[in-house]
Novice: 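Take this structure first; my questions come after.
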Amino acid sequence: MSIISIKNLKHRFIDRDEEGSVISEKMAIDDVSLEVKQGQFIAVLGHNGSGKSTFAKHLNAILMPTEGKVYVDDMDTEEDSKIWDIRQNAGMVFQNPDNQIIATVVEEDVGFGPENIGVPTEEIWERVNKALADVEMTEYRKHSPNKLSGGQKQRVAIAGVLAMKPKCIILDEPTAMLDPNGRCEVINTIKELNKKEGVTIILVTHYMDEVIDADYVFVMDKGKIAVSGTPKEVFSHPEKIYEIGLDVPHATEVAYLLEKRGIDIGRGILTNEELIEELLRRGYIENKSNSIHKTDSEDRSSLTNKINDRTGDRKETLLEVSGLSYVYSKDTSYEKKALDNVSFNIGQGEIVGIIGHTGSGKSTLICHLNGLNKATDGVVKYKGRNIYDKKESLSELRKHIGIVFQYPEYQLFENTVLEDVCFGAKNTGSTKSEAVETAKKSLEMVGIGEEFYNRSPFELSGGEKRRVAIAGVLAMNPEVLILDEPTAGLDPKGRDEILNMLKSLNKENGLTIIIVSHSMEDMAKFADRLLVMSKGKLIYNDSPRNVFKEYKELEKIGLSAPQPVYIVEGLKKKGMVSENTAITSKEAADIIYETALDSL
């Protein structure tokens with residue numbers, strides 16, 4: 001039985017002027033037809049602007065078709081009398097749980113939906129109890145949602161939908177803003193709901209590894225379904241997926257790279273285990289698990305001596321952080337130590353990544369680097385000068401150290417893109433003409449052309465907003481650019497464009513970059529050095545390669561290593577390779593290729 005039936009769905013976004021005349025039209029969904037059966041786990045993939053979020057909003061009647069029909073549990077979404085029944089049967093979980101949580105206590109938030117549709121009080125509590133148990137959040141029922149981690153908040157948002165007893169849950173990029181542990185929590189939760197409770201899951205995501213266990217995958221491009229099939233069928237054609245601007249699972253990518261070098265292990269490899277099994281089965285690599293090779297402890301002994309060895313001293317030091325501590329709400333019942341005796345240096349022209357679980361102190365830390373927060377204890381120096389000294393001007397400091405925050409829409413506020421980018425320059429002493437000239441140069445640096453100048457920044461895509469926010473900071477000609485999760489929520493193409501642009505600014509302009517990220521894969525490719533935060537402390541300060549060797553320790557603090565690390569570690573455990581680690585898919589493929597050559 002189909003829980004969702006879509007027939008020739010089309011959706012146009014139409015902009016009109018004050019008189020009602022059409023200014024522009026955009027076809028967001030273009031003749032999509034599909035069926036979703038009760039109990040299925042469906043994944044929807046696509047680049048930013050492909051139409052996948054617009055599609056998702058049709059499934060619980062947030063949007064109505066321009067043409068075609070959408071049926072949810074045999075109810076037409078265009079029937080006004082059926083709207084609440086549809087939304088009860090097809091619950092929606094959004095990207096940012098803060099936009100969905102409204103109560104001050106977890107259990108009250110979960111009970112809000114049933115209460116508003118007239119469910120009797122006794123049954124409301126039964127539903128709340130079951131929903132919290134289903135997402136393993138019972139022990140947090142009396143907590144304030146504001147005190148929870150990102151992953152916990154998202155599980156509360158899912159519980160709020162579950163309490164409505166839906167037959168189907170639609171999740172639109174639910175893990176985009178989460179750390180690896182939070183991402184894993186949410187994905188495991190929805191898999192369990194699907195398997196144990198029979199809830200139909202429709203997951204919209206950019207993370208390819210999240211869809212491996214889906215029953216069926218739809219890949220959208222330009223408002224149409226470009227590719228569909230089981231995960232194995234879809235990812236058996238990586239060229240097509242790359243062409244659309246997406247990634248494939250890491251094991252699939254390694255297999256594809258090997259195939260191009262003559263090591264053919266077949267298409268449709270999805271997991272690390274499948275990759276290793278096929279390498280063994282086809283005789284490219286031998287199982288030497290009884291051979292003598294280094295143990296994990298021996299492998300890591302050399303690293304332990306290097307921790308905190310790399311502090312940027314080999315380059316001219318721009319920033320010095322010494323004994324930095326910060327306490328929120330000091331001397332109140334809400335007192336919390338966010339930073340605890342943190343020390344490090346940042347050298348001129350470095351690219352430094354900051355990683356850590358949600359609540360580890362990353363964002364608090366960067367807000368100290370240009371004086372937005374003042375340390376409870378410790379010192380921050382810029383070019384040897386204490387930024388907290390009364391003689392120092394914080395407004396002058398912020399010309400040299402600029403921050404781009406996690407949600408760029410919070411940083412954009414002017415009527416047009418050009419005005420927005422001019423704002424900082426004008427407010428730091430530039431004339432209007434100087435500010436315009438600087439703004440245009442900054443926009444050119446981030447790849448935003450003249451056609452965007454007079455557009456509202458709020459009409460832009462997520463990637464475009466980030467570029468404009470970055471341009472606004474660059475217009476102030478900083479020496480240090482700090483970015484908090486600049487690629488969160490972006491598709492692989494948008495992510496790569498932002499990172500390549502930043503790499504270019506670093507190389508060509510000598511810009512020092514500090515970047516906070518939850519993506520271990522991005523940091524492996526991008527950063528010269530990693531600072532790892534946990535519970536307000538700096539626990540690692542070293543190269544990405546050395547930090548990711550400590551993957552077991554990272555897992556204990558809610559992080560992970562890039563997937564290629566686990567591929568090579570799986571091979572090491574079977575005695576197949578002896579190399580320490582690989583932090584990119586190319587490196588993993590190189591190691592396997594060289595080992596295969598020795599075996600043939």
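Given the structure is predicted, the values throughout are model-derived calculations rather than measurements. For this chain, numbers begin at 1 and follow the sequence in order.
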Novice: Tell me, please, which residues at least two apart from Lys7 pass salt bridge (Lys or Arg N to Asp or Glu O under 4.0 Å).
Specialist: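 Per chain and number, Lys7 pairs via salt bridge (Lys or Arg N to Asp or Glu O under 4.0 Å) with no residue.
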Novice: What pairs of donor and acceptor atoms, side-chain ones from residues 246-258 against any protein atom, are under 3.5 angstrom apart with sequence neighbours left out?
Specialist:
| residue | atom | partner | partner atom | Å |
| --- | --- | --- | --- | --- |
| Asp247 | OD2 | Arg495 | NH1 | 2.9 |
| Asp247 | OD2 | Arg495 | NH2 | 3.1 |
| His250 | ND1 | Asp209 | OD2 | 3.0 |
| Thr252 | OG1 | Ile269 | O | 2.4 |
| Glu253 | OE1 | Ser585 | OG | 2.9 |

Novice: Is a donor on one side and an acceptor on the other found under 3.5 Å between the side chain of Arg12 and the backbone of Met27?
Specialist: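 Looks like no, no N/O pair under 3.5 Å.
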Novice: Please assess His357 against Met533 for the test side chain to side chain contact (heavy atoms under 4.5 Å, CB included), listing each intermediate value before the final yes or no.
Specialist: CA-CA 8 Å; His357 56 80; Met533 299 291 296; over 6 Å; no
Novice: Could you go through residues 438-453 and list every donor-acceptor pair under 3.5 Å that involves a side-chain atom there, pairing it with any protein atom two or more places apart or in another chain?
Specialist:
| residue | atom | partner | partner atom | Å |
| --- | --- | --- | --- | --- |
| Thr438 | OG1 | Glu434 | O | 2.9 |
| Ser442 | OG | Thr438 | O | 3.0 |
| Ser442 | OG | Ala475 | N | 3.2 |

Novice: Short question: side chain of Glu192, backbone of Thr189 - any donor-acceptor pair under 3.5 Å?
Specialist: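 Pair absent, no side-chain N/O of Glu192 close to backbone of Thr189.
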Novice: Is it true that atom CD of Glu136 has more than 12 heavy atoms of other residues, nucleotides or ligands lying nearer than 6.0 Å?
Specialist: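 Open.
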Novice: Ring centroid separation for Phe423 and Phe413, is it under 6.0 angstrom?
Specialist: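 Yes - the distance between ring centres of Phe423 and Phe413 falls below the 6.0 Å cut-off.
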Novice: Sort and list the pairs that fulfil salt bridge (charged side-chain N to carboxylate O under 4.0 Å, His left out) and have at least one residue in residues 218-228, not counting sequence neighbours.
Specialist: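 Found Asp30-Lys224.
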Novice: Measuring only between side-chain heavy atoms, which start at C-beta, is Thr584 closer than 4.5 Å to Pro562?
Specialist: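 No, their side chains stay 4.5 Å or more apart.
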Novice: Backbone N or O of Asn500 within a donor-acceptor pair of the Ser504 side chain at under 3.5 Å?
Specialist: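 Such a contact is absent between Ser504 side chain and Asn500 backbone.
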Novice: Strictly distance-based, threshold 3.5 Å: is any side-chain N or O of Asn48 a donor or acceptor partner for the main-chain N or O of Leu490?
Specialist: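 No; judged by distance alone, with no hydrogens or angles, the pair does not exist.
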Novice: Does NZ or CZ of Arg267 come closer than 6.0 Å to the centre of the six-membered ring of Phe235, within 45° of the ring's axis?
Specialist: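 No, Arg267 and Phe235 do not form such a contact.
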Novice: For the backbone of Ile583 and the side chain of Glu587, can you confirm whether one donor and one acceptor N or O come within less than 3.5 Å of each other?
Specialist: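 At least one qualifying donor-acceptor pair exists.
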Novice: Once salt bridge (Lys or Arg N to Asp or Glu O under 4.0 Å) is applied, do any residues pair with Glu508, and if so which ones, sequence neighbours excluded?
Specialist: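 Listed in chain order: nothing, the list is empty.
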Novice: State which residues pass salt bridge (Lys or Arg N to Asp or Glu O under 4.0 Å) with Lys167; sequence neighbours excluded, sorted by chain then number.
Specialist: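 Lys167: salt bridge (Lys or Arg N to Asp or Glu O under 4.0 Å) contacts with Asp73.
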Novice: Please give me the minimum heavy-atom distance between Val32 and Ile225, naming the atom from each residue.
Specialist: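 Residues Val32 and Ile225, closest heavy atoms: CG1-CD1, 3.7 Å.
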Novice: With Ser2, which residues qualify under side-chain hydrogen bond (donor to acceptor under 3.5 Å, both in side chains), at least two apart?
Specialist: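 Expected list: Glu35.
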Novice: Is any NZ, NE, NH1 or NH2 atom of the basic residue among Arg261 and Asp590 found under 4.0 Å from an Asp or Glu carboxylate oxygen of the other?
Specialist: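 Result for this pair is yes, salt bridge flagged.
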Novice: Restricting to non-hydrogen atoms, name the atom on Phe548 and the atom on Ser560 that form the minimum distance, rounded to 0.1 Å.
Specialist: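 Looking at all heavy atoms of both residues, the closest pair is CE2-O, 4.0 Å.
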Novice: Can you list everything that forms a ring-ring contact (aromatic ring centres under 6.0 Å, His included) with Tyr71? Sequence neighbours excluded, please.
Specialist: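 ring-ring contact (aromatic ring centres under 6.0 Å, His included) check on Tyr71 returns nothing, list empty.
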Novice: Under the side chain to side chain contact (heavy atoms under 4.5 Å, CB included) rule, collect the residues that match up with Gln40, sequence neighbours excluded.
Specialist: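 Result, side chain to side chain contact (heavy atoms under 4.5 Å, CB included) vs Gln40: Val36, Lys37, Ile42, Asp215.
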Novice: What side-chain donor-acceptor pairs closer than 3.5 Å can you find for residues 480-489, not counting sequence neighbours?
Specialist:
| residue | atom | partner | partner atom | Å |
| --- | --- | --- | --- | --- |
| Asp484 | OD2 | Ser363 | OG | 2.8 |
| Glu485 | OE1 | His518 | N | 3.4 |
| Glu485 | OE2 | His518 | N | 3.0 |
| Glu485 | OE2 | His518 | ND1 | 2.9 |
| Thr487 | OG1 | Asp522 | OD2 | 3.3 |

Novice: Taking atom NZ of Lys191 as the centre, does the number of heavy atoms from other residues, nucleotides or ligands within less than 6.0 Å exceed 12?
Specialist: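 It does: Lys191 NZ has more than 12 such atoms within range.
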Novice: Can you sort out the partners of Glu278 under salt bridge (Lys or Arg N to Asp or Glu O under 4.0 Å), two or more places apart, ordered by chain and number?
Specialist: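 Salt bridge (Lys or Arg N to Asp or Glu O under 4.0 Å) list for Glu278, sorted by chain: Arg281, Arg282.
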Novice: May I ask you to check whether Asn8 and Glu67 show a side-chain donor-acceptor distance below 3.5 Å?
Specialist: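 Looking only at side-chain atoms, Glu67 and Asn8 do not form any donor-acceptor pair under 3.5 Å.
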Novice: Donor-acceptor check, side chain of Arg183 to backbone of Leu178, threshold 3.5 angstrom: yes or no?
Specialist: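 Side chain of Arg183 to backbone of Leu178: a pair is present.
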Novice: Donor-acceptor pair, Asn506 side chain versus Leu511 backbone, under 3.5 Å?
Specialist: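 Side chain of Asn506 to backbone of Leu511, a donor-acceptor pair under 3.5 Å: yes, one is there.
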Novice: Using a strict 4.0 Å threshold on nitrogen-to-oxygen distance, state whether Arg529 and Asp542 make a salt bridge.
Specialist: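 Answer for the salt bridge query: no.
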Novice: Test side chain to side chain contact (heavy atoms under 4.5 Å, CB included) on Ile355 and Met523 and set out the steps.
Specialist: CA-CA 8 Å; Ile355 61 176; Met523 292 298 91; 3.8 Å; yes
Novice: Using a distance-only test with no angle check, is there a side-chain donor-acceptor pair under 3.5 angstrom linking Thr512 and Glu350?
Specialist: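 No.
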Novice: Are side-chain heavy atoms of Leu203 and Ile190 found at a separation under 4.5 Å?
Specialist: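 Answer yes - side chains close enough.
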Novice: Side-chain contact test, heavy atoms from C-beta onward, threshold under 4.5 Å: evaluate it for Leu554 versus Val547 and give yes or no.
Specialist: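 Yes, their side chains come closer than 4.5 Å.
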Novice: Check Asp528 against Gly349 and note the closest heavy-atom contact, atom names and distance.
Specialist: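 What the structure gives for the nearest pair is OD2-O, 4.4 Å.
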Novice: Between Gln100 (side chain) and Met92 (backbone), is there a donor-acceptor pair under 3.5 Å?
Specialist: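 A pair under 3.5 Å: yes.
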Novice: Distance from Thr66 atom OG1 to Leu9 atom CG, nearest 0.5 Å?
Specialist: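 If we round to the nearest 0.5 Å, Thr66:OG1 and Leu9:CG are 8.0 Å apart.
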Novice: Before giving the answer on ring-ring contact (aromatic ring centres under 6.0 Å, His included), spell out for Phe218 and Phe55 the whole-Å C-alpha distance, their side-chain angles and the decisive distance to 0.1 Å.
Specialist: CA-CA 11 Å; Phe218 294 99; Phe55 168 78; 7.6 Å; no
Novice: Of all the heavy-atom pairs spanning Pro544 and Ala527, show the shortest one and how long it is.
Specialist: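 Closest pair (atom of Pro544, atom of Ala527, distance): CG-O, 3.4 Å.
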Novice: When rounded to the nearest 0.5 angstrom, what distance separates CD1 in Ile6 from CG in Asp31?
Specialist: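 The CG atom of Asp31 is 12.0 Å from CD1 of Ile6, to the nearest 0.5 Å.
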Novice: Do Leu571 and Ile592 pass the side chain to side chain contact (heavy atoms under 4.5 Å, CB included) test, and can you show the C-alpha distance, the side-chain angles, and the key distance before you say yes or no?
Specialist: CA-CA 9 Å; Leu571 293 168; Ile592 295 169; 3.5 Å; yes
Novice: Between Asn454 and Asn415, is any pair of side-chain heavy atoms under 4.5 Å apart?
Specialist: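 No - every pair of side-chain heavy atoms lies 4.5 Å or more apart.
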Novice: Is Lys52 reaching over with its side chain to a backbone N or O of Leu45, donor-acceptor style, under 3.5 angstrom?
Specialist: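 Between the backbone of Leu45 and the side chain of Lys52 there is no qualifying donor-acceptor contact (under 3.5 Å).
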Novice: By ring-ring contact (aromatic ring centres under 6.0 Å, His included), which residues pair with Phe13, not counting sequence neighbours?
Specialist: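 Per chain and number, Phe13 pairs via ring-ring contact (aromatic ring centres under 6.0 Å, His included) with His11.
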Novice: Could you tell me which non-hydrogen atom of Val161 sits nearest to which non-hydrogen atom of Pro166, and how far apart they are?
Specialist: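 Result for this residue pair: O-CD, 3.2 Å.
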Novice: Within the 3.5 Å criterion, strictly below it, is a donor on Gln154 or Thr175 matched to an acceptor on the partner's side chain?
Specialist: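 Absent: no donor and acceptor within the cut-off.
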Novice: Enter the distance from Ile498:CD1 to Lys503:NZ here, rounded to the nearest 0.5 Å.
Specialist: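 Taking CD1 in Ile498 and NZ in Lys503, the distance rounds to 15.0 Å.
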Novice: Ignoring hydrogens, what is the shortest heavy-atom contact between Pro457 and Asp420? Give both atom names and the distance.
Specialist: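 Shortest heavy-atom contact: CG-OD2, 4.1 Å.
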Novice: Would you check, one step at a time, whether the test side chain to side chain contact (heavy atoms under 4.5 Å, CB included) holds for Glu233 with Thr230?
Specialist: CA-CA 5 Å; Glu233 290 168 344; Thr230 64; 3.2 Å; yes
Novice: For Ile14, does its backbone N or O pair with a side-chain atom of Lys26 as donor and acceptor, under 3.5 Å?
Specialist: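 No: the side chain of Lys26 does not pair with the backbone of Ile14.
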